[in-house]
Amino acid sequence: MVYTSPLASVPVTNAFNTTRSQAIFNAAQSLMPGGVSSPVRAFRSVGGQPIVFDRVKGPYAWDVDGNRFIDYVGSWGPAICGHAHPEVTAALQETLEKGTSFGAPCELENQLAEMVIEAVPSVEMVRFVNSGTEACMAVLRLMRAFTGRDKVIKFEGCYHGHADMFLVKAGSGVATLGLPDSPGVPRSTTSNTLTAPYNDLEAVKDLFAENQDAISGVILEPVVGNAGFITPEPGFLEGLRELTKENGALLVFDEVMTGFRISYGGAQARFGVTPDLTTMGKVIGGGLPVGAYGGRAEIMAMVAPAGPMYQAGTLSGNPLAMTAGIKTLELLKQEGTYERLEASTQRLILGIIEAAQGAGIPITGNSISAMFGFYLCEGPVRNFEEAKSTDTEIFGKLHRAMLERGVYLAPSAFEAGFTSLAHSEDDIDVTLQAFKESFASIK
Ligand code: HOZ
C-alpha cells in the first residue's frame with residue numbers, strides 16, 4: 001500500500017488555523033495507536049487535536065499550517081541549546097558523511113564518555129544506550145545484579161520509562177491519562193516494586209524496616225519532572241543517601257530530565273548529593289535518541305563484557321548521537337550558561353504566577369535552572385497526591401488559549417516545562433503577555 005498524504009486538497013493559510021494538522025492527525029488514527037508514537041503528545045488530557053509539527057529552530061516550532069509557536073517542550077528536554085542549533089547541525093552533517101551507525105567502537109564514544117565522567121560526580125564509567133527507558137531498565141538490572149536483591153523502591157509520580165517494574169504509580173503519560181498500572185505487566189514483576197510518596201523519608205524508612213536485606217536500592221528523579229514539577233525538600237536527598245548506605249542498598253538518580261539541565265553536573269552537582277548510579281538521556285543526545293547509565297567503577301564492572309550482567313544494543317554509541325551530544329555539552333560548558341537559564345526561567349515562572357493571580361486563579365509554581373512547572377491549585381505541592389489537586393480542566397483551557405496565542409506548552413498538567421538558551425527576553429515577554437490574556441479569557 002502506498003501512503004497518500006491527506007493534505008493534497010488542503011490549502012495553506014496564514015491565520016491561526018489547524019486544518020492541515022487535523023487532516024494529518026485524522027489520517028494517523030488508523031495508522032498508529034491513538035495516531036501517535038508516544039501517548040502524551042496526543043493531547044488527550046487537554047482536549048482538542050494535537051498540532052502536527054513541520055519544523056523547529058531555536059525556541060520556535062512551526063506547524064504544518066504555518067503557525068509559529070514559542071516552544072516550552074523542547075522535544076521533552078533535549079533542546080536546551082535551542083532546536084537545530086547551527087553548530088550541532090553542522091557537526092552532524094560532517095559526521096553523516098562518514099556513516100550513520102557502525103555497530104563497532106568509535107572514538108566519539110570515548111569523547112562523550114570523558115565529558116560525562118568529568119561533569120557528573122557519581123559517574124566513573126558509563127554505558128551508552130538509546131533512550132532514557134533503556135537506561136533505567138538496565139540500571140534496574142544492575143542494581144539487582146550488584147546487590148543480589150530483587151526489590152526496588154520508587155516514588156509515586158516518578159517516571160523511569162516504561163519497563164515492567166517501573167509501571168507502578170508512574171508519572172508522565174500514565175499520570176496524564178490517569179491510567180491504572182498497565183495491563184500486560186506480570187504481577188510477579190511488580191511485586192518487587194515498592195512505592196513511597198515523594199519527599200517522605202519516614203515512608204522509605206518503614207519500607208526498609210519491613211523488607212530487611214531485600215531492597216536493592218532506591219531510584220528517583222532528584223527533581224520530579226514527570227508529575228508536573230516537584231522539588232526535593234531540604235534534607236530529602238541527603239536522607240535517602242544515608243538510609244541507602246545504612247541498609248546496604250544503592251541510591252540511583254534518574255537524571256534523564258535533570259542531567260545537564262539543572263546544572264552542568266545535573267541535580268547531584270546542584271544539591272551536593274552523590275548517588276551510586278545515574279541514568280541520563282535527552283540533553284546528552286542533543287536531539288538524537290540517546291540514553292546512558294553510569295556510576296561507581298566497581299558497580300559498572302558488573303556490566304558485560306567486563307562482567308556478567310548482560311545488556312546490549314545495535315545502535316548504542318552510534319556516531320550521530322555521540323556527535324550531537326558532544327557538541328551540545330560543549331555549548332553548555334560555556335561561561336554563564338546556567339546563570340542565564342536560571343534567570344530567564346525564574347522570570348518566566350514568576351510572571352506566570354503573577355498572571356494567574358491577576359485573574360484570581362489559584363496557582364503554585366517553581367523553577368530550577370531551565371526547568372519549571374506550575375499547578376493550578378493552592379500550594380505547596382510536595383508529592384504526587386498533592387499534585388493531583390491541580391485543576392486539569394482549567395489547565396486544558398489554558399493550554400488551548402496559549403496555543404491560539406502562539407505558545408506551545410506540554411499538553412499535560414503533569415509534565416515539567418523546559419526553556420533553552422535560545423529563548424530570548426523578548427520571547428519570555430511575549431509568552432507572559434499570552435499567559436495574561438489566556439488566564440483572563442478562561443477564568
Ligand atoms: N515521556 C515523555 C514525557 N515525559 C514523552 C511524551 C510524548 O512524547 O508523548
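- Remark: N110 engages no residue in a side chain to side chain contact (heavy atoms under 4.5 Å, CB included) (not counting sequence neighbours).
- D254 and P222 make their closest contact through O-CD, 3.3 Å (heavy atoms, listed as atom of the first residue, atom of the second, distance).
- Residues satisfying the salt bridge (Lys or Arg N to Asp or Glu O under 4.0 Å) test with E385, not counting sequence neighbours, are K388.
- In summary, the side chains of E386 and S389 do not present any donor paired with an acceptor at a separation below 3.5 Å, with no hydrogens or angles considered.
- Smallest separation of non-hydrogen atoms from V223 and P232: CG2-CD, 3.9 Å.
- In this structure a side-chain-to-backbone donor-acceptor pair under 3.5 Å is present from N199 to T231.
- Inter-residue side-chain proximity for V40 and F414 is flagged as unmet; no heavy-atom pair is nearer than 4.5 Å.
- Pairing each heavy atom of N247 with each of R149, the nearest pair is O-NH1, 2.9 Å.
- By the 6.0 Å contact criterion, CD on E393 is open, its count of non-hydrogen atoms from other residues, nucleotides or ligands being 12 or less.
- For N211, the side chain to side chain donor-acceptor pair (under 3.5 Å) criterion is met by no residue, not counting sequence neighbours.
- When ring centroids are compared, F69 and F53 stay outside the 6.0 Å threshold.
- A distance of 12.0 Å separates CZ in R400 from CG in L409, rounded to the nearest 0.5 Å.
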Go through it in stages, so that I can follow the logic: the residues are E415 and N226, the test is side chain to side chain contact (heavy atoms under 4.5 Å, CB included), and I'd like the CA-CA distance, side-chain angles, deciding distance and then a yes or no.
CA-CA 5 Å; E415 295 280 357; N226 282 290; 3.5 Å; yes
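- Remark: Y264 engages F260 in a ring-ring contact (aromatic ring centres under 6.0 Å, His included) (not counting sequence neighbours).
- Here D71 contributes atom CG and D427 contributes atom CG; the two are 11.0 Å apart, rounded to the nearest 0.5 Å.
- One N or O on the side chain of D276 and one on the backbone of L251 form a donor-acceptor pair closer than 3.5 Å.
- Every side chain to side chain contact (heavy atoms under 4.5 Å, CB included) that E246 has, sequence neighbours left out, goes to E242, L243.
- Counting heavy atoms of neighbouring residues, nucleotides and ligands inside a 6.0 Å radius, atom CZ of R340 does not exceed 12 of them.
- Sorted by first and then second residue, the ring-ring contact (aromatic ring centres under 6.0 Å, His included) pairs with a member in residues 297-327 form an empty list; sequence neighbours excluded.
- With sequence neighbours left out, E298 forms a side chain to side chain donor-acceptor pair (under 3.5 Å) with R296.
- Around atom CD of E354, no more than 12 heavy atoms belonging to other residues, nucleotides or ligands sit under 6.0 Å away.
- By the neighbour-count criterion of 12 heavy atoms within 6.0 Å, atom CZ of R270 is densely surrounded, having more than that number from other residues, nucleotides or ligands.
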Mind running side chain to side chain contact (heavy atoms under 4.5 Å, CB included) on S420 and H423 for me, showing each step along the way?
CA-CA 6 Å; S420 80; H423 287 82; 2.9 Å; yes
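- For K151, the NZ atom counts as densely surrounded, since its 6.0 Å shell holds more than 12 non-hydrogen atoms of other residues, nucleotides or ligands.
- Qualifying ring-ring contact (aromatic ring centres under 6.0 Å, His included) partners for H85, counting only residues two or more places apart in sequence or in other chains: none.
- Here ring-ring contact (aromatic ring centres under 6.0 Å, His included) pairs that include residues 28-48, with residues two or more places apart or in two chains, are F43-H399.
- Taking every heavy atom of both residues into account, V126 and A292 meet most closely at CG2-CB, 3.8 Å.
- Here the straight-line distance linking atom CG of N130 with atom OG of S316 works out to 4.0 Å at 0.5 Å rounding.
- Residues K57 and W62 are in side-chain contact: their nearest non-hydrogen atoms beyond the backbone lie under 4.5 Å apart.
- To the nearest 0.5 Å, atoms CZ (F253) and OG (S122) are separated by 8.5 Å.
- No side-chain heavy atom of Y408 sits under 4.5 Å from any side-chain heavy atom of D63.
- Considering all non-hydrogen atoms of both residues, T328 and G286 come closest at OG1-CA, 3.3 Å.
- Listed by first and then second residue, the salt bridge (charged side-chain N to carboxylate O under 4.0 Å, His left out) pairs that reach into residues 111-125 are E118-K333, sequence neighbours excluded.
- In this structure, CD1 on I80 lies 12.5 Å from NZ on K282, to the nearest 0.5 angstrom.
- A donor-acceptor pair under 3.5 Å is formed between the side chain of K154 and the backbone N or O of K169.
- Between R241 and A249, the shortest heavy-atom contact is NH2-O, 4.4 Å.
- At least one donor-acceptor pair closer than 3.5 Å links the side chain of S369 to the backbone N or O of R261.
- More than 12 heavy atoms of other residues, nucleotides or ligands sit less than 6.0 Å from atom NE2 of H83.
- Atom-to-atom distance recorded for L167:CG and H160:NE2 is 11.0 Å, nearest 0.5 angstrom.
- Other residues, nucleotides and ligands contribute more than 12 heavy atoms inside 6.0 Å of the CE atom of M309.
- Residues Q311 and R141 have side chains that never bring a donor and an acceptor to within less than 3.5 angstrom of each other.
- At least one donor-acceptor pair under 3.5 Å links the side chain of S191 to the backbone N or O of S188.
- With sequence neighbours left out, F229 forms a ring-ring contact (aromatic ring centres under 6.0 Å, His included) with no residue at all.
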Pair L96-L320, side chain to side chain contact (heavy atoms under 4.5 Å, CB included): steps then yes or no:
CA-CA 7 Å; L96 192 56; L320 280 182; 4.0 Å; yes
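- Applying the 6.0 Å contact sphere to CD of E425 captures more than 12 heavy atoms from other residues, nucleotides or ligands.
- By the ring-ring contact (aromatic ring centres under 6.0 Å, His included) test, F439 pairs with F435, sequence neighbours left out.
- With a 4.5 Å cut-off on side-chain heavy atoms, T419 and F372 count as touching.
- Between S367 and T345, the side chains place no donor N or O within less than 3.5 Å of an acceptor N or O (distance only, hydrogens not considered).
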Full working for side chain to side chain contact (heavy atoms under 4.5 Å, CB included) between I299 and M143
CA-CA 9 Å; I299 308 174; M143 289 162 79; over 6 Å; no
